[in-house]
2 protein chains.
Amino acid sequence: MGYKHNKEDILDVGFDVLRRNGYHNVGINQVLKESGIPKGSFYNFFESKEDFARQVIERYGCSNLAWMDGFFKDSTLSPLESLKAFYAFMIKVNEEDAYSGGCLVNNMSMEVGRNNDLLASETNQQFIGWLNVLAAVAQKGQEEGEITKKYTSLELAEYLHAGFFGTLSRSKVTRSRVYMDTWYEMTFEFIKA
Amino acid sequence: MGYKHNKEDILDVGFDVLRRNGYHNVGINQVLKESGIPKGSFYNFFESKEDFARQVIERYGCSNLAWMDGFFKDSTLSPLESLKAFYAFMIKVNEEDAYSGGCLVNNMSMEVGRNNDLLASETNQQFIGWLNVLAAVAQKGQEEGEITKKYTSLELAEYLHAGFFGTLSRSKVTRSRVYMDTWYEMTFEFIKA
DNA sequence: AAAAATAAACAGAACAGTCTAATTAATTAA
DNA sequence: TTAATTAATTAGACTGTTCTGTTTATTTTT
């Protein structure tokens, strides 16, 4: 028999709470309440709120990275089509979530990108991990002649994902997927060979 | 002789502080300290922190709108070229600011877009004001045949500005203009007729 | 004098983080 | 196998600070 609480359950609650409410808008007490653990246990697992958030971001980024890896590896579509499928899926998920949270890494980048070096660095690292996956797919698309060769695969990946985050941010305020769909149409029209 | 303090000075300090640090990371006391006014005066001018932030956003959005209007009206460049000049200028300003703040409206959208209806609505309103200016310029560019007619001018404006905010967010974490420049090159290559 | 603005003390809640004690699990010794 | 010991986890009351916002009194402008 293990102990009553475990770190990963707390991190899962933290992910949800931080993604929806941000960093400075969330108190440790809220995490404690929602995960049902007392304060002593929390500070047994985590050094501080900052350390906790860093681990939440890391866990989220890594699990997303693994999921993306699998998604593209298992895809039977062409590189360009699998990139389209990926973003179509992201848009659908965001819609089903009622535009209520967006992406934790994107949110954190914006909120603490210049005020907290530790968290900024962690978010950037996770973002770069994703970029590399996307760039690899883009490169295959370039090699197969379906994606423009005017830009490097990494430039294309940055363009895709930063653009997606831009339109994701807008959907958070407009609470609509309309311009996400337009972004999708336009972007993939633009980057094809 | 007027009174010692006036609202607009406080709003200016608030703009700077909120843009750099966000909403929930800033206490009224910080604004009081930096603007040199006591608490009683603050609550004489503003109903609450939220009301204060709303007015800061409104002031920022409106003054930016006026500036944009003038920028495009005074421009001797073609519509497409003046759009390029506008974003080139924005990128330069952000660089000179050492990527330290980004755009207040964009930051607020992300931070409170789903947790504060009043501020979300205010940010969206200001964003829409800018969009309309950009869309008008884009439409002229379409009429003159230098910008693609595959999308409406409003879709183009959304694409431009959301994309710019996406890459702006990235620059906040990477602290570099590299991918902003790439975004600029790519986007304007894409939208030309 | 009336109204607006200023000033600072004050209130109550929320904040991150600490402390001591108790319980439970894992390890070692007999 | 059981007993003794050590280590990890749990529990929540508590600390000191900071938060937004109030109150009361005073000063300044009209």
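As the structure is a computational prediction, the values presented were derived from the model and not from experiment. All chains are named by letter (A, B, ...) in the order of the sequence lines, taking the proteins before the strands, and each is independently numbered beginning at 1. Heavy-atom basis, side chains included; hydrogens, waters and symmetry copies ignored.
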Checklist entry - Do the two ring centres, one from A:Phe71 and one from A:Trp67, sit under 6.0 Å apart? => result yes

For the pair made of [atom1] in [X] and [atom2] in [N], what is the distance, rounded to whole Å?
X       : N      : atom1 : atom2 : value
A:Ile28 : D:dG12 : CD1   : P     : 17 Å
A:Ile10 : D:dT9  : CD1   : P     : 10 Å
B:Lys33 : C:dA7  : NZ    : C1'   : 18 Å
B:Lys7  : C:dT6  : NZ    : P     : 13 Å
A:Leu32 : D:dA13 : CG    : P     : 13 Å
B:Lys39 : C:dA11 : NZ    : C1'   : 11 Å

Checklist outcome for this item: Expected list for residues 14-27 of chain B near DNA chain D, using heavy atoms below 4.0 Å, is B:Val26, B:Gly27

Checklist outcome for this item: Separation between NZ (A:Lys150) and CD (B:Glu185), nearest 0.5 Å, reads 11.5 Å

Item to check | Short side-chain to backbone donor-acceptor contact, B:Gln142 and B:Tyr151, under 3.5 Å | outcome: yes

Name the orientation class of the two ring planes belonging to [X] and [Y] (parallel below 30°, tilted from 30 to 60°, perpendicular beyond 60°).
X        : Y        : answer
A:Phe190 : B:Phe190 : parallel
B:His161 : B:Tyr87  : tilted
B:Trp183 : B:Phe188 : perpendicular

Checklist entry - Do B:Asp16 and B:Arg20 sit within salt-bridge range, that is, some charged N less than 4.0 Å from a carboxylate O? => result yes

Next on the checklist: Just N and O in the side chain of A:Asn29: are any of them under 4.0 Å from OP1 or OP2 of C:dA14?
Outcome noted: no

Item to check | ring-ring contact (aromatic ring centres under 6.0 Å, His included) between B:Trp130 and B:Phe164, intermediate numbers included | outcome: CA-CA 13 Å; B:Trp130 302 345; B:Phe164 173 72; 9.9 Å; no

Next on the checklist: Near DNA chain C, counting only heavy atoms under 4.0 Å, which residues of residues 40-58 of chain A show up?
Outcome noted: A:Tyr43, A:Ser48, A:Lys49

Checklist outcome for this item: Any strand, both distances under 3.5 Å, Watson-Crick or G-U wobble: D:dT24 pairs with C:dA7

Checklist entry - Between B:Ser176 and B:Tyr99, is any side-chain donor less than 3.5 angstrom from a side-chain acceptor? => result no

